[in-house]
Visitor: 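A single structure is presented below for examination.
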Amino acid sequence: MPADTNPEGDIFGGWLLAQMDLAGATPAFERAQGRCATIALDGMVFHQPVSVGDEVSIYAKVIKTGRTSIRVHVEAWKRPRNHVGVDPVRVTEGVFTYVAIDAERKPRPLPMVDNADG
């Protein structure tokens, strides 16, 4: 939306970062089987700007787990508006770290997973 842009018409990086955090939290919450908190962001790279009207898709994949933490690689891709048939272009990527937390917002161990199920 225009309210999310700088004077040149590009989407603010912070807005895109927030969307990526939401997307990364989805597989983290699933792996943790409950509440998580974002604690770090590593390797954030803005490859290309996103303009108002671009279609943005965000993809997230768990890349590592620890005792309480989950690292998720997140990528944002855009398809320019009014460009039917144009391949999407990766615009941003980063690694988000989430920690599973309990009702008192303290770190809690991740549930065990059956290796056959991944």
Visitor: With sequence neighbours left out, write down each residue that passes side chain to side chain contact (heavy atoms under 4.5 Å, CB included) with R90, or none if nothing qualifies.
Guide: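 R90: side chain to side chain contact (heavy atoms under 4.5 Å, CB included) contacts with H47, E75, W77, E93.
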Visitor: Listed by chain and number, what are the side chain to side chain donor-acceptor pair (under 3.5 Å) partners of D54, not counting sequence neighbours?
Guide: none
Visitor: With sequence neighbours excluded, tell me which residues meet salt bridge (Lys or Arg N to Asp or Glu O under 4.0 Å) with E55.
Guide: R79
Visitor: Let me check something: do V62 and M44 share a hydrophobic cluster, defined by ILVMFWY side-chain heavy atoms less than 4.5 Å apart, either directly or through other members?
Guide: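 In one cluster with V62: M44, yes.
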Visitor: Check for me, please, whether W15 and V50 land in the same ILVMFWY cluster - side-chain distances under 4.5 Å, paths through other members count.
Guide: yes
Visitor: Output all residues satisfying side chain to side chain contact (heavy atoms under 4.5 Å, CB included) with T68, sequence neighbours left out; order by chain, then residue number.
Guide: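 Once residues adjacent in sequence are excluded, the partners of T68 under the side chain to side chain contact (heavy atoms under 4.5 Å, CB included) criterion are V99, P107.
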Visitor: Report the distance from atom CD1 of I101 to atom CD1 of I39, rounding to the nearest 0.5 Å.
Guide: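 So the CD1 of I101 and the CD1 of I39 are separated by 11.0 Å.
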Visitor: List the residues meeting side chain to side chain contact (heavy atoms under 4.5 Å, CB included) with D21, not counting sequence neighbours, and say none if there are none.
Guide: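 In terms of side chain to side chain contact (heavy atoms under 4.5 Å, CB included), with neighbours along the sequence ignored, D21 is linked to T38, F96, Y98.
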Visitor: Are V52 and L17 joined in one hydrophobic group, where the rule is that I, L, V, M, F, W and Y side chains link up if heavy atoms are under 4.5 Å apart?
Guide: yes
Visitor: Go through the structure and list residues passing side chain to side chain contact (heavy atoms under 4.5 Å, CB included) with A32, not counting sequence neighbours.
Guide: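 A32 satisfies side chain to side chain contact (heavy atoms under 4.5 Å, CB included) with C36, I70, A100, R108, L110 once adjacent residues are dropped.
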Visitor: Return the set of residues passing side chain to side chain donor-acceptor pair (under 3.5 Å) with D42 (not counting sequence neighbours), or none when no residue passes.
Guide: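 By the side chain to side chain donor-acceptor pair (under 3.5 Å) rule, D42 matches R71.
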Visitor: Restricting to side chain to side chain donor-acceptor pair (under 3.5 Å), what partner residues turn up for Q19, sequence neighbours left out?
Guide: none
Visitor: Taking a hydrophobic cluster as the set of Ile, Leu, Val, Met, Phe, Trp and Tyr residues connected by side-chain heavy atoms closer than 4.5 Å, whether directly or through intermediates, do V74 and F29 fall within one such cluster?
Guide: no
Visitor: Check whether any side-chain N or O of K61 sits under 3.5 Å from a backbone N or O of P27 as a donor-acceptor pair, and report yes or no.
Guide: no
Visitor: Can you give me the closest heavy-atom contact between V91 and P49, atom names plus distance?
Guide: CG1-O, 4.2 Å
Visitor: Of I58, L41, V72, which is the lone residue that meets side-chain contact (heavy atoms from CB on, under 4.5 Å) with M20?
Guide: I58
Visitor: With a 4.5 Å heavy-atom cut-off, do I11 and S51 have their side chains touching?
Guide: no
